[in-house]
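Numbers here are sequence positions counted from 1.
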Amino acid sequence: MRWWLWVPFCCVLTACATTPVGVVKVDPREAHSDLTRNVLASNEPSRVTANVLQEHNLAELYEDEPEKALGALHVHVTGDAVRGSALFALAELSFLHAERSNKPSYYLAAAIYAFAFLFPEAPAAPPDPFDSRLRLATDIYNRGITEAFKAADGFHVELRSGTYSLPFGEIGIAFDETGLLWAGRRLTDLAPVAELKIRGLKTRYLQPGVGAPLAATPVVLPGDAFADDFLSLSTKVPVTAFLRLERPRSQLKGSRLEGTLEAYTLRTTFASDENTVIVGDRRVPLEIETTATLAYALAESPIWEQELSRFFDNLGMGGRQRATLALGEPYRPGKIPVVLVHGTASSVGRWAAMLNRLVNDPRIARRYQFWFFTYETGNPIGYSALLLRDALKNAVQRLDPDGQDPELQRMVVIGHSQGGLLTKLLVIHSGSRLYDASFKRPLDELDVSENTRELLRRARFVEPVPFVERVIFLATPHRGSYLTLSRISAWIAGLIKLPFRVVGATTDLLTRNRDALVDPDIRTVTSLDHMNPRSRFLQALASIPIASGVHSHSIIAVKGDGPVEDGHDGVVKYASAHLDGVESELVVRSDHSVQWAPEAIEEVRRILLLHAESQ
């Protein structure tokens, strides 16, 4: 027999010898990706859901007619023996179909199935903590709520009562709108922050749990007493939307379901039981996205555009001063204020990285509240410090008129760059040294208006603010910035528009009291003049020690890896930022924006924990 006649026969034998089941070694990452795939991370269901489709012979039907397959699986889970695996598969497959079809009813169904899987009524047991489906079902539930209640604009979430369609019937949902009342304000424009990608912040903190994490905009209600409580106008409030169903698996057997929609706002700290919800006999954490809420608030804030404008133009509407003290959250008695004072041509947004770290530390959040001072950074430093001092005293008086909160008397002030100079002016006994640096005649002998005399008295004769107990200086030019010695600095200073109050006082001094000035050739004074190393005012301020009883710390930035003593941060030399007598000094290899450096942030955290524990 010729050899080629054996070829077909050998091919048949070879085919028969190939095993129908086998394995192929692949890269571990590829194997892990295949085992852990899910509808939220890819366009495919998880392996456990694919198993359910195969077990019920619905895999091909789901690909061709997904709604029929989902209907068949729904009939199965509403039978006498409901299996959690089928409920989970329904949640995942409903979400996948909702994404493909853009039908909100399937997003809502996915959330309901996931809730029934997560919170079965007795005698069924909830998923084991080691069950990989537990976290995925929670995420499907959270995302399902977000998508099911999307507003017409396709971004915001609208929480309201009503009857909503489901693939297998309908659900009546009751929503108590008082859940959106917060600190005398109504929370509006609910934005799903889990959908936001953050830039600018290198750490993202969240409390994993149940519910759709949202960021809300608080709007003052007409005639409400909270309208003037120092809360920042750019505040965004973390809100979690939670859809509750009683006896969910039993309800799935009918065509009409009932549920309640609840809104929860963030409480003091992640360590608090207030940031949980009780389902049956279980206390479950709510999902809260604090970092995303902070980034969203800053992204929508006009502060970035105002940094330079508020440096050059300090007039405001009708010449009014615009310096403000704002609270990051409603005032809470029993929490120590930390006041953050930004630097030149800057804003409160520059504290974002530090704030993000601190408020997400439960020990810090439990003990502290954060306040922010914003000011026109081209103003004379003594004048800006006067405004800061007045703002703090006014806030303490209004928030605690009867002196019932001892923690308000333990205030910490943190100043960056020029803000550090304002901070120092809160904690010194100046005597006449600041005044004598500029004037040769006593204040009472100057030929000025009473308004000018009072302004000079309050700006140049200062005493420690009694409730400021600790200060932290970051990259502070105690002896000036070498950049202010350049010609361009003098040119820039000439472009700064000062407030009418300062202009009027300057006119008084230059027109009728030039002979009383130490420097008779002086012109209008700005913050750049005061940060010039040759400034007599700055030299006098540097010579005044911090008052006894006030704790002080320095964080100094030095670029590169050269000798610290000869270094600088691009704006301030180490020799200028160094301050004798502080309790601690940390040098961080950083540029001038040291408040973003992890080492500086951790040092501030250390100091705050130390302060909280001290008496």
* Polar contact flag, side-chain donor to acceptor under 3.5 angstrom, Thr452-Ser449 -> yes
* Any donor-acceptor pair under 3.5 Å from Ser347 side chain to Gly349 backbone -> yes
* To do: Output every pair passing ring pair (Phe, Tyr, Trp, His ring centres under 6.0 Å) with a member in residues 339-358, not counting sequence neighbours, ordered by first then second residue.
  => His342-Tyr375
* Stepwise ring pair (Phe, Tyr, Trp, His ring centres under 6.0 Å) test for Phe230 and Tyr331 -> CA-CA 9 Å; Phe230 301 101; Tyr331 163 66; 9.4 Å; no
* Asked: How close do Ala459 and Leu386 get, heavy atom to heavy atom, and via which atoms?
  -> N-CD1, 3.7 Å
* **Minimum heavy-atom distance between Val572 and Gly480, given as atom pair plus value** => CG1-O, 4.4 Å
* **Test item: Gln404 side-chain N/O and Asp402 main-chain N/O as donor-acceptor pair under 3.5 Å** => yes
* Structure fact -> ring pair (Phe, Tyr, Trp, His ring centres under 6.0 Å) filter on Phe473, not counting sequence neighbours, yields His478
* To do: Return the set of residues passing ring pair (Phe, Tyr, Trp, His ring centres under 6.0 Å) with His551 (not counting sequence neighbours), or none when no residue passes.
  => none
* Got a sec, which residues hit salt bridge (Lys or Arg N to Asp or Glu O under 4.0 Å) with Lys236, two or more places apart in sequence or on another chain? -> Glu300
* Any sub-3.5 Å donor-acceptor pair from His429's side-chain atoms to Gly431's backbone N or O? -> no
* Structure fact -> Separation between CD1 (Ile555) and CD1 (Ile601), nearest 0.5 Å, reads 9.5 Å
* Just how far is it from atom OG1 of Thr203 to atom CG of Asn360, taken to the nearest 0.5 Å? -> 7.5 Å
* Asked: Please, which pairs that meet salt bridge (Lys or Arg N to Asp or Glu O under 4.0 Å) have at least one residue in residues 574-589, sequence neighbours excluded?
  -> Arg470-Glu583
* Short side-chain to backbone donor-acceptor contact, Gln369 and Pro337, under 3.5 Å -> no
* Asked: Who pairs with Tyr574 by ring pair (Phe, Tyr, Trp, His ring centres under 6.0 Å), at least two apart in sequence or on another chain?
  -> His578
* Stepwise side chain to side chain donor-acceptor pair (under 3.5 Å) test for Arg204 and Thr291 -> CA-CA 5 Å; Arg204 182 167 184 165; Thr291 301; over 6 Å; no
* Asked: Is a side-chain N or O of Thr188 found less than 3.5 angstrom from the main chain of Thr217, in a donor-acceptor match?
  -> yes
* Are Asp569 and Ser590 close enough, and set up right, to give a side chain to side chain donor-acceptor pair (under 3.5 Å), and what steps lead you there? -> CA-CA 7 Å; Asp569 61 17; Ser590 167; over 6 Å; no
* Asked: Can you list the residues that meet the ring pair (Phe, Tyr, Trp, His ring centres under 6.0 Å) rule with His416, with sequence neighbours excluded?
  -> His592
* Asked: Which residues satisfy the salt bridge (Lys or Arg N to Asp or Glu O under 4.0 Å) test with Arg186, sequence neighbours excluded?
  -> Glu177
* Are Ser432 and Arg460 close enough that a side-chain donor and a side-chain acceptor fall under 3.5 Å? -> no
* Thr240-Glu287 side chain donor-acceptor pair, cut-off 3.5 Å -> no
* To do: For Asn394, check side chain to side chain donor-acceptor pair (under 3.5 Å) against everything at least two apart and list the hits.
  => none
* **Pairwise distance CD1(Ile364) to CG(Leu609) - rounded to 0.5 angstrom** => 4.0 Å
* **Contacts of Asp444 that satisfy salt bridge (Lys or Arg N to Asp or Glu O under 4.0 Å) - sequence neighbours left out** => Arg457
* Looking at Ile428 and Pro545, what are the two nearest heavy atoms and their distance? -> CG2-O, 3.6 Å
* To do: With sequence neighbours left out, write down each residue that passes side chain to side chain donor-acceptor pair (under 3.5 Å) with Arg453, or none if nothing qualifies.
  => Glu450
* Structure fact -> Sequence neighbours excluded, the answer for salt bridge (Lys or Arg N to Asp or Glu O under 4.0 Å) partners of Glu407 is Arg367, Arg410
* Exercise: do Tyr264 and Asn275 side chains pair donor with acceptor under 3.5 Å -> no
